[in-house]
Participant: 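Okay, handing you the structure first.
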2 protein chains.
Amino acid sequence: MPDAVALPETADEVAKILALAQEYRFPVIPRGAGTATTGASLASKGGLILSLLRLNHILEINEEDLVAVVEPGVFTGDFKREVEARGLFYPPDPASYEFSTIGGNVACGAGGPKGLKYGTTKDYVLGLEVVLPGGDRLFVGRRTMKGVVGYDLVHLLTGSEGTLAVITKLILKLIPKPPFEGTVAAWFSGPKEVAEAFLKVLQEGLFPATAELLDETTLSAVKNFLPEKIPEKAKALLLLEFDGAKKQVEEDISIAEKKLKEICLKVEIAYRKEDREKLWLARRSISPALKQIANGKIADDVVLPRSKVPFFLEFAKQKGKEKGLFVACFGHLGDGNIHVNIIFDKKDLSQLEKAQKLREEILSEVLRLSGTISGEHGIGLTKKGYLPKELSPAGLSIMKKIKKIFDPYGILNPGKVF
Amino acid sequence: MPDAVALPETADEVAKILALAQEYRFPVIPRGAGTATTGASLASKGGLILSLLRLNHILEINEEDLVAVVEPGVFTGDFKREVEARGLFYPPDPASYEFSTIGGNVACGAGGPKGLKYGTTKDYVLGLEVVLPGGDRLFVGRRTMKGVVGYDLVHLLTGSEGTLAVITKLILKLIPKPPFEGTVAAWFSGPKEVAEAFLKVLQEGLFPATAELLDETTLSAVKNFLPEKIPEKAKALLLLEFDGAKKQVEEDISIAEKKLKEICLKVEIAYRKEDREKLWLARRSISPALKQIANGKIADDVVLPRSKVPFFLEFAKQKGKEKGLFVACFGHLGDGNIHVNIIFDKKDLSQLEKAQKLREEILSEVLRLSGTISGEHGIGLTKKGYLPKELSPAGLSIMKKIKKIFDPYGILNPGKVF
């Protein structure tokens, strides 16, 4: 529990709070909707929760400049809809987008399924207005599409998890909205076959917006949520989405279908929204399905070089089996970002211990395979211990010195990341 | 002239040089092919030129991971061709790409015409191996498509113009190669009409890879280089390129043609390479054409919010007229990045003075219109004086402190940027 909560309505109020915090040396934890899975927005050392939920205005959507100006407390889903109503597109789509905020997405460098084709949140931030510890205000970046004036402080702040400054205004890049979408669901005998087929699709010059993979364990968890039986022998599901002009999407999908069929067991295609939703049902049911299995979950969002994904999935499955734990892997095959969920019974201490041991083995393997321990969730509290395993002492030392430049007294989100 | 030039062949040799430089406190100026227009790679304070041209190996192009690993001295054009031979694509295309290096492109955050759809160099850097002043080696970033572990040092180093570290290896992101391209050339009565027509194209959901604009003054300079007469009343040229699947490109271009014809004087379309080259001739002739007019040139690469481009072009033209100077504006309308060239007689001191005054007026107007003074060239020596006009004292102070973290004794590219 925090010692107090502040709900400022303006950047000026945020500045006054940060001036007080520096004067009296109390911790300030910036917070959007609090959906971070890593504890990044928790008051783990007490102090003041600084909610940005009242700075919640979309200030401008400029159709000619392809730019939007928003406050941090705007919900990402609301923003996406406003943008799309004008024929434009803000691609970042973290799973939480209906109940997470733009400010939180930027603070944590949020990802999402569309990362392969469209990149992630950090690719859409042009400029930021922030308040520094002590209350000074700072604008970094620009309103233009390009710019190379001075060091890139925009990307430095994006993904810094509220440890460097408090975002009070964002200038975001928009693109034209692709007019048409289509979905392909392909069932495979295993993840190796999925990777092989997906490579064939890429080699045709096709560039799907989304490529989601569900492994065998995940499919066994969601099977009761699906209206139809999973095809016999199916041990992996690949969901592809294509977007663009109608003719192009249809052509892309017909090429993809041909390539997938060379390897997969069954393929389904949908263009109408309700039919596409049906194909996505397996993916959307993962979260409730995993909750039915047990009450404990350790969730990581590792990223691997794409070629290493099949080997890694096999590794996670085997290691889970050895320890008698349920390990469900699914996620964004397109960019190699795999969600690893270790499921266990919280009340059974021996299971918790095994799960923690398994997690360590899995994250070590990720690093051995030239992967990274977090693709879109960040570090927060839950991955702090693993940071020195991925980053070199020299890199960590530079980051800590940068933290000191912005926050010399360590009042901003203390105990997070490092 | 530098005091000496070093041509190391390995990162180890680079490390030894930077250790010596720190011990004996001599300036080191990292240099690729030396194409920077800003003086970023000149030994303006003497010292050692550290050429990276012998670290020139493409170490890996991984078709499955969509990743390449290269040394900094590889020429960008060579790299692009190697990648394309494998059906993949490295989009960044600074005008210099045949004679500039990947290391230099990354150090300066180079742009290019394809920025609208594909972003710039900085969007394709996943990881960097660098040597710090003093000789310590550091790896930042990753080999994976995504990653949010710690602060983003990759983007901090990208565009830092060799003032923070020396790049010795780069991990770059690739994408599938679009299989087909088409070019549209549309002649207009003025830049306002171009902007209006281009907006209509975007509003159709079309997303051209390139949108290049040539203003009246530029057209008058290149007209003798073109085989055919410029259409009567034509005072601006828009070049659009579309890429993707063949059917989609053809459909996009037919929609674009319809929309452009509502406003433009004449439109030409080409799909075959040699025909497309013909349409690009006007754009490619700018540099030799401007050299014919006079021997002096001040070239800036400002960026404006796209909606402000027509007003700005009119402003530059008027101000040039008032001073009796030839001001040619052309560039990337897609992302608002306009190359402003003030042409004058070097031997005439009064013209030089007028040109410098005009430059100041133009850059001030850019900032007043919420633009930035450099979209792709960087600051180097020639724009240092304007940095404090764009950046706030607080922002500059943070950047200088970051410089001190990396380079406490100021040996790396001293006198550049700040």
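Numbers restart at 1 for each chain; the letters A, B, ... are given by sequence-line order, proteins then strands.
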Participant: Let me know if B:Ser370 has heavy atoms under 4.5 Å from chain A in its side chain, its backbone, both or neither.
Facilitator: both
Participant: Quick check for you: among A:Val249, A:Leu156, A:Leu153, A:Thr120, which has the greatest number of heavy-atom pairs under 4.5 Å with chain B?
Facilitator: A:Leu153
Participant: Using the six-membered ring wherever Trp is involved, compare the ring planes of B:His332 and B:His339 and label them parallel, tilted or perpendicular (cut-offs 30° and 60°).
Facilitator: perpendicular
Participant: For chain A, which of B:Ser307, B:Gly109, B:Gly115, B:Ser160 has the most heavy-atom pairs under 4.5 Å?
Facilitator: B:Ser307
Participant: With side chains defined as the heavy atoms from C-beta onward, is the minimum distance between A:Phe139 and A:Ile171 less than 4.5 Å?
Facilitator: yes
Participant: Heavy-atom pairs under 4.5 Å with chain B - which of A:Tyr151, A:Phe198, A:Phe207 has more of them than the others?
Facilitator: A:Tyr151
Participant: Would you mind checking which part of B:Phe418 comes under 4.5 Å of any heavy atom in chain A, side chain (CB onward), backbone (N, CA, C, O), both or neither?
Facilitator: side chain
Participant: Please find the pair of heavy atoms, one from B:Ala165 and one from B:Leu132, that lie closest to each other, and give the distance.
Facilitator: CB-CD2, 4.0 Å
Participant: B:Ile402 versus chain A, heavy atoms under 4.5 Å apart: side chain, backbone, both or neither?
Facilitator: both
Participant: Do we see a donor-acceptor contact under 3.5 Å between the side chains of B:Glu64 and B:Asn62?
Facilitator: no
Participant: Below 4.5 Å, heavy-atom pairs only: which of A:His155, A:Met145, A:Gln203 has the largest tally toward chain B?
Facilitator: A:His155
Participant: In terms of heavy-atom pairs under 4.5 Å with chain B, which of A:Ile373, A:Leu164, A:Ile255, A:Val309 leads?
Facilitator: A:Leu164
Participant: Using side-chain heavy atoms (C-beta onward) and a distance below 4.5 Å, is A:Val140 in contact with A:Leu157?
Facilitator: yes
Participant: Below 4.5 Å, heavy-atom pairs only: which of B:Lys117, B:Lys403, B:Glu161 has the largest tally toward chain A?
Facilitator: B:Lys403
Participant: List the atom of B:Pro91, the atom of B:Ile175, and the distance in Å for their closest heavy-atom pair.
Facilitator: CG-CD1, 3.8 Å
Participant: Indicate yes or no: at least one non-hydrogen side-chain atom of B:Lys146 is less than 4.5 angstrom from one of A:Thr372.
Facilitator: no
Participant: Please look at B:Pro305 and chain A and tell me whether the side chain, the backbone, both or neither of the residue comes under 4.5 angstrom of a heavy atom of that chain.
Facilitator: both
Participant: I want to check something: taking the side chain as every heavy atom from C-beta on, are A:Gln248 and B:Glu251 in contact at a cut-off of under 4.5 Å?
Facilitator: no
Participant: At a heavy-atom distance under 4.5 Å, which candidate from B:Lys177, B:Lys404, B:Glu390 has the highest pair count against chain A?
Facilitator: B:Glu390
Participant: Does any backbone or side-chain atom of B:Leu202 lie under 4.5 Å from a heavy atom of chain A? Answer side chain, backbone, both or neither.
Facilitator: both
Participant: Between chain A and each of B:His377, B:Lys122, B:Lys173, count heavy-atom pairs under 4.5 Å; write down the option with the most.
Facilitator: B:Lys122
Participant: With heavy-atom distances below 4.5 Å as the criterion, would you say the side chains of B:Val149 and A:Lys383 are in contact?
Facilitator: no
Participant: Identify which part of B:Asp136 has an atom lying under 4.5 Å from any heavy atom of chain A, answering side chain, backbone, both or neither.
Facilitator: neither
Participant: Select one option (side chain, backbone, both, neither) describing which atoms of B:Lys246 are under 4.5 Å from chain A's heavy atoms.
Facilitator: neither
Participant: Relative to chain A, which segment of B:Phe406 carries a heavy atom at a distance below 4.5 Å: side chain, backbone, both, or neither?
Facilitator: side chain
Participant: Do you know which two heavy atoms are closest between B:Pro94 and B:Asn105, and how far apart they sit?
Facilitator: CG-OD1, 3.8 Å
Participant: Among B:Leu396, B:Leu138, B:Asp123, which residue has the highest count of heavy-atom pairs closer than 4.5 Å to chain A?
Facilitator: B:Leu138
Participant: Nearest 0.5 angstrom please: B:Asn337 CG to B:Asp301 CG, how far?
Facilitator: 5.5 Å
Participant: If we define contacts as heavy-atom pairs under 4.5 Å, which of A:Arg86, A:Lys247, A:Lys308 has the most with chain B?
Facilitator: A:Lys247
Participant: Using the benzene-type ring in the case of Trp, are the ring centres of B:Tyr118 and B:Phe89 under 6.0 Å apart?
Facilitator: yes
Participant: Which bit of B:Val303 comes within less than 4.5 Å of chain A, counting heavy atoms only: side chain, backbone, both or neither?
Facilitator: both
Participant: State, with a plain yes or no, whether a side-chain heavy atom of B:Leu128 is found less than 4.5 Å away from one of B:Val106.
Facilitator: yes
Participant: Using a 4.5 angstrom heavy-atom cutoff, name the option from B:Gly147, B:Ala110, B:Gly205 with the most pairs to chain A.
Facilitator: B:Gly147
Participant: Examine whether an atom of B:Ser374 lies under 4.5 Å from a heavy atom of chain A, and if so say whether it belongs to the side chain, the backbone or both; otherwise answer neither.
Facilitator: both
